[in-house]
J.: 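Can you keep this structure in mind? I'll have questions shortly.
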There are 2 protein chains.
Amino acid sequence: MLYPMSAGAQEDAVQESSRGAAWGAPVLRVAILDRDSGFIQVLCKRLDRIGLEHRVLASPVPLDVLASMRLSALIVDLTVLGPQAWEWLQRVCAELPDLGVVVCTGSSTVAQRVRGLRLGADDWISKPCHPEEVIARVEGLVRRRSNTSGRAAKAPIAVGELEVRGDRFQAFVRGQSLDLTRREFELIELLAGAEGRVLEREEIYSRLWGYVMVRGDRSVDVFVRKLRQKLKAASPGWRYIHTHFGIGYRFAVEPAAKHSDGDIAEETAAERDPRLDAALQPAEDSDLTLAALSAD
Amino acid sequence: MLYPMSAGAQEDAVQESSRGAAWGAPVLRVAILDRDSGFIQVLCKRLDRIGLEHRVLASPVPLDVLASMRLSALIVDLTVLGPQAWEWLQRVCAELPDLGVVVCTGSSTVAQRVRGLRLGADDWISKPCHPEEVIARVEGLVRRRSNTSGRAAKAPIAVGELEVRGDRFQAFVRGQSLDLTRREFELIELLAGAEGRVLEREEIYSRLWGYVMVRGDRSVDVFVRKLRQKLKAASPGWRYIHTHFGIGYRFAVEPAAKHSDGDIAEETAAERDPRLDAALQPAEDSDLTLAALSAD
DNA sequence: GCGCCTGTAAAGATCCTGTGACCATTTGCC
DNA sequence: GGCAAATGGTCACAGGATCTTTACAGGCGC
């Protein structure tokens, strides 16, 4: 037998999760794709109460529109989608890997649920269902996703002369702001947070833009260029972003070209400043700490 | 061992960590904490059929033991845990953030489900339930986790002075980068990952290029040459890539030829026999080779 | 010794990235 | 609302880096 939940437990949990988002995490944004007015009404009321941004859609929208909404999660009734349901579901899950998808549909067979989950749905709830449970599942989903992908983002990252402050959405060189735009900042944060590792263009793109990169898209390159430009202007003695031909980019501080050596990883472990390694250390195991904190 | 696992997991654990480094997805490992023999039996049968390693626990185990099992996911019936259920669940979720937790319990109230999910459970399924759905949910869970956090999973391969780092797309000799191009890196990663084994040209080609090699294509040879060149420049005292005439290449560290013996395959028939002929076998009917590859 | 296989080198084709200019959209301001 | 600046994103071109092909020389096994 299970043990009943104490009265205040859920309120606390809700407060906590929205407060936990404080500054760093963008507000949770959820879309509901359904036509069941009763369900929508009840759910929206709940969402309103806990202060989640939400939006109701009555019919399937094109993927790029969906992407532009920058949602955290989508709650969808497959019956709204008609015969294209499976295909649409699959495409959404494939092309918007950062979007949490919760199917919330009337009666369904095991085979249908399995199919939906295999296509990439994150959860499948059968109606009738309690809005509180729907919300709890959505929150869990979002919490897990942000735990795993965006964890190292918060602590300020310091590399050489550069300092990336997640709390200000800015990067500084010797205390002076680089005056980065939103995308530029997101990019430098991502790169610096993965210092040493090579990030593939596709990964960078899907993390910053939220959906999969189409072949031939040069956006990442363009923003890398803009970043390099500002970095060079503010910190001419160092190079930060290194190109890995055919793969992507890697972030590492290096003295600016002594000899016009190729730019691909001429940097060696021996050459690397011990200070840098030390500075990097906390970032590597910070995931445990943060995870423990956020789960608190 | 206290808790027997079905597929000889303990021995494999060691193997796996080295094998998993290459490309293979790490094996999914699941534990079931339940006493419902019918449920367990049906579920295990399914798990067996799809080749998932699994292990059944009848009572809660200490967290460190759980951690030592290196599970991908845990399927748990809360009733087994008794009054400590919520606390145990919370601690598991908090302290093992990489472990997927699926609660699978008999009747429950909305409040209980919400509480469980808020404490960190990844999913909550009500019994009776279909094992297929349980598996689909576990798989989805693991898939999502590995998508987001498991990127850095590529463990470095170290052979003698050489170190191949998947996360940097680079190989290092005594800490110094070899400055490899993409294909060169893929090749050395493949070879070093199969250290000691002879890889046929056709296999190398189809793994790197993704399609079958046409007769007369010399690409593999050319890249082997480039690799040898860079390896020799960085690590002149050693030889790494060995030619097997008429077959392919084998990766192994060896001191560079002391006597000016021809550098091509000074070890021939003697060493060749046992493994080689076995390895060569499938080559005769290329159908087999290809089938194996595509299934890989 | 002969035919086949591999090492080596270089030329050409191909693909990838850096770059600057340009347009669309959003944001801030009056 | 209208205007101007800032920002995000696209395009085309030029210069490199990388890959593929080809040719030839030398080694290997029979």
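Proteins get letters first, then strands, A, B, ... in listed order; numbering begins at 1 in each.
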J.: Rounded to whole Å, please give me the gap between CZ in B:F185 and C1' in D:dC19.
T.: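 My rounded result for the distance is 18 Å.
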J.: Using whole Å, what does the distance between atom P of nucleotide C:dT6 and atom CD1 of B:I247 come to?
T.: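 That distance rounds to 9 Å.
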J.: Going by ring-ring contact (aromatic ring centres under 6.0 Å, His included), name the pairs with one or both residues in residues 46-71 of chain A, residues two or more places apart or in two chains.
T.: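 Residue pairs with at least one partner in residues 46-71 of chain A: there are none.
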J.: Answer yes or no: is there an ion pair linking A:R174 with A:E161, defined by an N-O contact shorter than 4.0 Å?
T.: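 Salt bridge between A:R174 and A:E161, a charged N being under 4.0 Å from a carboxylate O: yes.
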J.: Suppose we screen for salt bridge (Lys or Arg N to Asp or Glu O under 4.0 Å). Which residues come up paired with A:D221, at least two apart in sequence or across chains?
T.: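 A:D221: salt bridge (Lys or Arg N to Asp or Glu O under 4.0 Å) contacts with A:R201, A:R218.
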J.: Whole angstroms only, please: what is the CG-P distance between B:D217 and D:dC19?
T.: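 So the two atoms are 14 Å apart, to the nearest Å.
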J.: Is the NZ or CZ atom of B:R165 positioned over B:F172's six-membered ring, under 6.0 angstrom from the centre and within 45° of the axis?
T.: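 Yes, B:R165 lies over the aromatic ring of B:F172.
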J.: So, does B:Y249 get its side chain near the phosphate of C:dG7, meaning an N or O under 4.0 Å from OP1 or OP2?
T.: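 B:Y249 to C:dG7 OP1/OP2: side-chain N or O found under 4.0 Å.
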J.: Grab the CG-C1' distance between B:L208 and D:dT18 for me, whole Å please.
T.: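 Whole-Å distance recorded here is 14 Å.
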J.: Verify the contact: side-chain N or O of A:W209 to OP1 or OP2 of D:dG9, cut-off strictly under 4.0 Å; return yes or no.
T.: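 Indeed, a polar side-chain atom of A:W209 lies that close.
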J.: Taking A:R91 first and then A:E95, would you say they form a salt bridge - that is, a charged N and a carboxylate O separated by under 4.0 Å?
T.: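 Answer for the salt bridge query: yes.
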J.: Output one line per pair: protein atom, nucleotide atom from nucleotides 19-26 of chain C, and distance, for all N/O pairs under 3.5 Å.
T.:
residue	atom	partner	partner atom	Å
C:dG20	N7	A:R225	NH1	3.3

J.: Kindly write out the residues that satisfy salt bridge (Lys or Arg N to Asp or Glu O under 4.0 Å) with B:E186, not counting sequence neighbours, or none if the list is empty.
T.: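 By the salt bridge (Lys or Arg N to Asp or Glu O under 4.0 Å) rule, B:E186 matches B:R182, B:R183.
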J.: Between A:S219 and D:dG8, is there a side-chain N or O to OP1/OP2 distance below 4.0 Å?
T.: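 The answer is no; no side-chain N or O of A:S219 sits under 4.0 Å from OP1 or OP2.
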J.: Verify whether one side chain among A:S177 and A:D179 offers a donor that lies under 3.5 Å from an acceptor in the other.
T.: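 No, A:D179 and A:S177 have no side-chain donor paired with an acceptor closer than 3.5 Å.
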J.: Under a 4.0 Å N-O cut-off, is there an ion pair linking A:D122 with B:R144?
T.: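 A salt bridge links A:D122 with B:R144.
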J.: Looking at C:dG18, D:dC28, D:dT10, which one has an atom nearest to any side-chain atom of A:T243?
T.: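 Selected nucleotide (nearest to the side chain): C:dG18.
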J.: D:dT10 C1' sits how many Å from A:Y205 OH, rounded?
T.: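 Atom-to-atom, A:Y205 to D:dT10, this comes out as 11 Å.
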J.: Rounded to the nearest angstrom, tell me the gap between atom CZ in B:R239 and atom P in C:dG7.
T.: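 Distance check: B:R239 CZ to C:dG7 P gives 11 Å.
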J.: Name all residues meeting the salt bridge (Lys or Arg N to Asp or Glu O under 4.0 Å) criterion together with A:R35; count only those two or more places apart in sequence or in a different chain, and write none if there are none.
T.: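 Per chain and number, A:R35 pairs via salt bridge (Lys or Arg N to Asp or Glu O under 4.0 Å) with no residue.
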J.: Please list, for nucleotides 4-7 of chain D, all pairs of protein and nucleotide N/O atoms separated by less than 3.5 Å.
T.:
none

J.: For the pair made of OH in A:Y211 and C1' in D:dG9, what is the distance, rounded to whole Å?
T.: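 Taking OH of A:Y211 and C1' of D:dG9, I get 10 Å after rounding.
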J.: Taking atom P of C:dT17 as reference, at what distance in whole Å does atom CD of A:E200 sit?
T.: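 Those two atoms, CD and P, are 12 Å apart.
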